[in-house]
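Okay, so here's the structure we're looking at.
Every chain is numbered from 1 and lettered A, B, ... according to where its sequence line falls, protein lines coming before strand lines.
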Amino acid sequence: MRLSQGFWQTYKETPNDAEIPSHQLMMRAGLIHKTAGGLYTYLPMAFRSIKKIEKIVREELDRIGCYEVQMSVITPAELWKETGRWEAMGPQMLRIKDRAERELCVSPTNEETVTDVFRKTINSYKQLPVCLYQINTKFRDEIRPRFGLLRGREFTMKDAYSLHIDKDCLNAFYEKMYGAYVAIFKRMGLDFIVVEADGGAMAAGGAKTHEFQLVADIGEDTLVTVPATGYAANIEKAPTQRTGLKPQVASELTRFSTPNQKTCEEVAAAHGFDITHTLKALVMQVIRGEKTHYYMVMLLGDDQLNEVKFKNAMAADHVRPAQAHELEKLGLIKGFMGPTVEVQGLSVVYDLTVDMNSSYVVGANVAEHHMKGFVPSRDTKGNVKSLDLRLAKEGDVMNGQPIVMKKGIEVGHVFQLGDKYTKSMGATVLNAQGKAITPLMGCYGIGTTRTLAAAIEQNHDQDGIIWPAAIAPYDVYFGVIAKTDETKKVAEDIYQTFLAAGIEVLYDDRGMGPGGMFKDADLMGLPCRVVLGERDFAATGEIEIKVRKTGETLKVQKNALVATLKEKLQSLGKWA
RNA sequence: CGGGGCGUAGCGCAGGGGUAGCGCACUUGCUUGGGGUGCAAGAGGUCGCAGGUUCAAAUCCUGUCGCCCCGACCA
């Protein structure tokens with residue numbers, strides 16, 4: 001493309017509302033235009049990249065036998081009511097009504113739609129397994145969209161859905177899809193890790209799920225990795241252990257005064273206790289169906305509750321910390337609660353890390369007092385239960401191996417849905433015995449527009465973007481510094497040579513000064529920059545190639561230009 | 001939804017009852033040529049919107065809409 005005729009504008013200043021590098025750079029480099037909060041227009045440069053990402057996705061999915069479809073973006077309420085998600089999705093789902101007052105929504109995801117397709121078209125086990133996918137617009141009315149394309153409201157996602165006769169078949173396909181995902185992100189040249197994830201309410205028992213995470217400091221997910229074993233998990237899931245805990249010999253239970261000392265830290269500091277010899281008590285509200293329960297959760301003084309683990313362990317629909325008025329109703333005093341009295345409607349659970357036969361400091365359930373010498377197995381009022389509930393943290397180990405924590409951006413998710421949708425929507429197929437059975441489903445997502453933003457988040461420097469070659473909008477930024485018509489003719493000739501050789505080139509024929517041109521080239525960050533400088537060319541016949549990623553510069557003769565460039569692009573992963 | 005902040009040219013900002021401003025970007029001409037060259041001349045605004053106060057409102061008051069941050073929330 002010739003920039004003199006192109007639709008491209010760069011900016012020296014960063015718009016106020018862009019906070020993180022990828023968002024700032026996408027605005028400054030003229031990749032996206034904000035239409036409204038969480039809504040973006042993809043401008044030509046960004047759209048070229050998106051199409052390259054989509055192409056890689058399509059190639060790898062087609063390779064494992066998936067079929068591309070396109071489902072309607074607007075879907076009727078009836079389908080969602082069948083699975084109960086018309087209510088469950090909440091305000092995140094954008095609902096609309098047509099002229100006949102029929103209820104519709106802008107799809108945030110498409111399990112219902114695809115299950116409807118499956119149940120009406122698949123009748124026999126002979127048609128299975130099958131996997132349909134689409135790359136389509138989704139809308140989720142996020143409470144707080146932010147970070148540009150990383151958390152927009154409208155976004156593009158590849159969503160795939162597979163259907164299987166049994167668990168073995170689902171497992172086998174899951175592995176294939178997992179492999180395809182690895183291939184996809186590798187080809188894109190991105191630094192990713194696959195982590196075990198939490199299935200949440202969508203998981204059938206024991207269902208597998210993995211997240212594909214791009215490692216980046218601004219990631220909203222925390223990942224626990226074990227370099228020694230290669231294990232990796234989302235922190236929501238990771239069952240790590242503490243080290244260096246010392247049990248304390250059981251002693252007599254004694255109440256002591258702790259005026260205005262409401263946290264474990266305060267109590268430990270004021271009385272010289274080790275923080276790991278104190279227990280913190282959290283009261284959580286747990287909702288299961290129509291019923292509400294309260295639990296007192298006991299953790300080591302410096303541990304935190306992992307609400308996802310807790311929610312799963314409780315088989316709850318919802319959990320949240322109890323509010324002040326609820327504590328009051330239970331007769332508990334915030335800051336001085338402990339499992340030292342029996343409370344109607346309140347159960348006690350311990351984190352596994354708590355040594356049930358060791359002695360701890362706990363709240364006394366008396367204002368301004370705690371107790372020491374508390375031994376959980378001996379002194380807890382009511383049933384004693386131990387579960388893994390704590391949030392993993394730096395310094396933990398897994399099976400004796402040290403962990404490393406990282407931040408990640410979730411760009412892909414593979415998930416075994418089991419029969420959740422096929423069952424509630426009445427999809428059945430006949431098996432080899434002629435018996436109607438409920439098939440199993442898997443679902444697999446890749447946020448394509450999020451991947452674009454995350455790729456920039458992962459690949460940039462202070463001057464601009466550093467595109468991975470496989471998804472760069474163009475391969476080469478070709479700039480010319482020329483006064484004479486002869487040199488301009490040489491430039492035109494080189495441009496045509498690039499086009500003929502299949503090199504995607506952004507030809508900067510705007511005639512601006514070298515400074516501005518270099519700044520724009522660095523900001524845009526195409527893999528290679530080629531510069532034809534009149535003086536150098538006249539003197540030596542050489543043309544300069546600069547690799548954006550490494551800063552490497554080489555000068556070649558005109559006739560060696562294409563070959564050298566292709567070699568460079570190859571090594572940068574352009575044809576991965 | 002709670003707390004905080006901001007809405008003045010495409011972007012970044014100043015101004016603060018009486019002629020609408022600066023820098024970048026944009027247009028034209030000359031100039032310059034290896035890290036945003038310089039000079040000159042231009043174009044671009046119902047100061048978010050609606051009421052109110054006033055001889056006069058971008059400015060003061062009320063309401064409203066939008067945006068950003070923190071939190072809550074989030075199969």
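With distances taken from any side-chain atom of A:Glu19 to the nucleotides B:G36, B:C69, B:G34, the minimum falls on B:C69. Checked against B:C13, B:C74, B:G33, the side chain of A:Asn16 finds its nearest nucleotide in B:C13. Listed nucleotides B:C13, B:G35, B:A25 differ in distance to A:Phe518; the shortest reach to its side chain belongs to B:G35.
Comparing the same atom, P, in B:A43 and in B:G48 gives a spacing of 24 Å after rounding to whole Å. If you take atom C1' in B:A56 and the same atom in B:G29, they sit 43 Å apart, rounded to whole Å. The gap from the C1' atom of B:A72 to that of B:C1 amounts to 8 Å, rounded to the nearest Å. Separating the C1' atom of B:U46 from that of B:G42 is a span of 23 Å, rounded to the nearest Å. Rounded to a whole angstrom, the distance from the P atom of B:C11 to that of B:C26 is 15 Å. Rounded to whole Å, the P atom of B:A20 lies 26 Å from the corresponding atom of B:U62. Comparing the P positions of B:G36 and B:A25 gives a spacing of 12 Å, expressed to the nearest Å. Using atom C1' as the reference point in both B:A9 and B:C24, the two lie 12 Å apart (nearest Å).
In RNA chain B, runs of at least 3 consecutive Watson-Crick or G-U pairs, each pair with both distances below 3.5 Å, span B:1-7 with B:65-71, B:10-13 with B:21-24, B:26-30 with B:38-42, B:48-52 with B:60-64.
Partner A:His210 forms a ring pair (Phe, Tyr, Trp, His ring centres under 6.0 Å) with one of A:Tyr178, A:Tyr444, A:Phe192 and no other, that one being A:Tyr178.
Residues forming a ring-ring contact (aromatic ring centres under 6.0 Å, His included) with A:Tyr495 (at least two apart in sequence, or on another chain): A:Tyr507. Residues satisfying the salt bridge (charged side-chain N to carboxylate O under 4.0 Å, His left out) test with A:Glu328, not counting sequence neighbours, are none. Listed by chain and residue number, A:Arg242, A:Ile275, A:Thr276, A:Leu300, A:Lys393 satisfy the side-chain contact (heavy atoms from CB on, under 4.5 Å) test with A:Asp302 (two or more places apart in sequence, or in another chain). With sequence neighbours excluded, no residue forms a salt bridge (charged side-chain N to carboxylate O under 4.0 Å, His left out) with A:Glu13. Scored by the salt bridge (charged side-chain N to carboxylate O under 4.0 Å, His left out) test, A:Asp463 finds no partners at all (sequence neighbours excluded).
Comparing A:Asp520 and A:Lys483 against RNA chain B, the residue whose closest nucleotide sits nearer the 5' end is A:Lys483. Residues A:Phe147 and A:Asp463 each lie close to RNA chain B; by heavy-atom proximity, the contact nearer the 5' end of the strand is made by A:Asp463.
Comment: A:Glu111 does not engage A:Lys420 in a salt bridge, judged by the lack of any side-chain N to carboxylate O separation of less than 4.0 angstrom. Of the charged side-chain nitrogens involved, at least one lies within less than 4.0 Å of a carboxylate oxygen, so that A:Glu142 and A:Arg151 count as a salt-bridged pair. A:Arg320 has a carboxylate O that lies under 4.0 Å from a charged side-chain N of A:Glu326, or vice versa, which qualifies the two as a salt bridge. Using a cutoff of 4.0 Å between basic side-chain nitrogens and carboxylate oxygens, A:Glu552 and A:Lys568 are scored as salt-bridged. A salt bridge links A:Asp461 with A:Arg548: the distance from a Lys NZ or Arg NE/NH1/NH2 to an Asp or Glu carboxylate oxygen falls below 4.0 Å. Remark: A:Arg153 engages A:Asp141 in a salt bridge, criterion side-chain N to carboxylate O under 4.0 Å. Here A:Arg510 pairs with A:Asp520 in a salt bridge; the nearest charged N to carboxylate O distance falls below 4.0 Å. Ion pairing between a basic and an acidic side chain is recognised when a charged N comes within 4.0 Å of a carboxylate O; A:Asp221 and A:Lys407 show no such pairing.
Under the 4.5 Å side-chain criterion, counting only non-hydrogen atoms from C-beta, A:Leu561 is in contact with A:Phe498.
Checked by atom type, the side-chain pair A:Asn234/A:Glu196 shows no donor-acceptor distance below 3.5 Å.
A donor-acceptor contact shorter than 3.5 Å is absent between the side chain of A:Thr438 and the backbone of A:Lys423. A donor-acceptor pair is defined here as one N or O able to donate and one able to accept, closer than 3.5 Å; no such pair exists between the side chain of A:Trp467 and the backbone of A:Ile456.
Counting to the nearest Å, the C1' atom of B:C73 and the CE atom of A:Met93 are 17 Å from each other. Between the CE atom of A:Met524 and the P atom of B:G35 there is a distance of 23 Å, given to the nearest Å. Between the CH2 atom of A:Trp8 and the P atom of B:A25 there is a distance of 14 Å, rounded to whole Å. Atom pair A:Tyr477:OH and B:G34:C1' shows a separation of 14 Å (rounding to whole Å applied). In this entry the distance linking CD of A:Glu307 with C1' of B:C73 reads 11 Å, nearest Å. To the nearest angstrom, C1' of B:G36 lies 13 Å from CD of A:Gln9. When the C1' atom of B:G35 is taken as reference, atom CD1 of A:Ile481 falls 10 Å away, rounded to whole Å. Atom CD of A:Glu236 and atom P of B:C74 are 12 Å apart (whole Å).
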Pairs: protein N or O with nucleotides 65-67 of chain B N or O, under 3.5 Å:
from	atom 1	to	atom 2	distance (Å)
B:C67	O3'	A:Lys34	NZ	3.1

Please enumerate all protein N or O atoms sitting under 3.5 Å from an N or O of nucleotides 21-24 of chain B, with distances to 0.1 Å.
from	atom 1	to	atom 2	distance (Å)
B:G23	N2	A:Glu13	OE2	2.7
B:C24	O3'	A:Lys12	NZ	3.2

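Cation-pi check for A:Arg95 over A:Trp80 is not met; the charged atom does not lie both under 6.0 angstrom from the ring centroid and within 45 degrees of its normal.
If you check residues 541-551 of chain A against RNA chain B, the residues with a heavy atom closer than 4.0 Å are A:Glu544, A:Lys546, listed by number.
Across all strands shown, A:Arg529 has heavy atoms under 4.0 Å from base atoms, whether or not it also approaches the sugar-phosphate. Counting any heavy atom pair closer than 4.0 Å across all strands shown, A:Arg146 reaches sugar-phosphate atoms only and no base atom.
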Test ring pair (Phe, Tyr, Trp, His ring centres under 6.0 Å) applied to A:His164 and A:Phe173, step by step: CA-CA 9 Å; A:His164 309 273; A:Phe173 188 81; 5.5 Å; yes
Base versus backbone protein contacts along nucleotides 1-8 of chain B [heavy-atom cut-off under 4.0 Å; B, S, -]: --------
Summary of protein contacts for nucleotides 37-45 of chain B, nucleotide by nucleotide, where a base hit scores B, a sugar-phosphate-only hit scores S (4.0 Å, heavy atoms): ---------
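For A:Asp522 against B:G35, a side-chain-to-base donor-acceptor contact under 3.5 Å is present.
Residue pairs meeting the ring-ring contact (aromatic ring centres under 6.0 Å, His included) criterion with at least one partner in residues 129-160 of chain A, sequence neighbours excluded, are absent.
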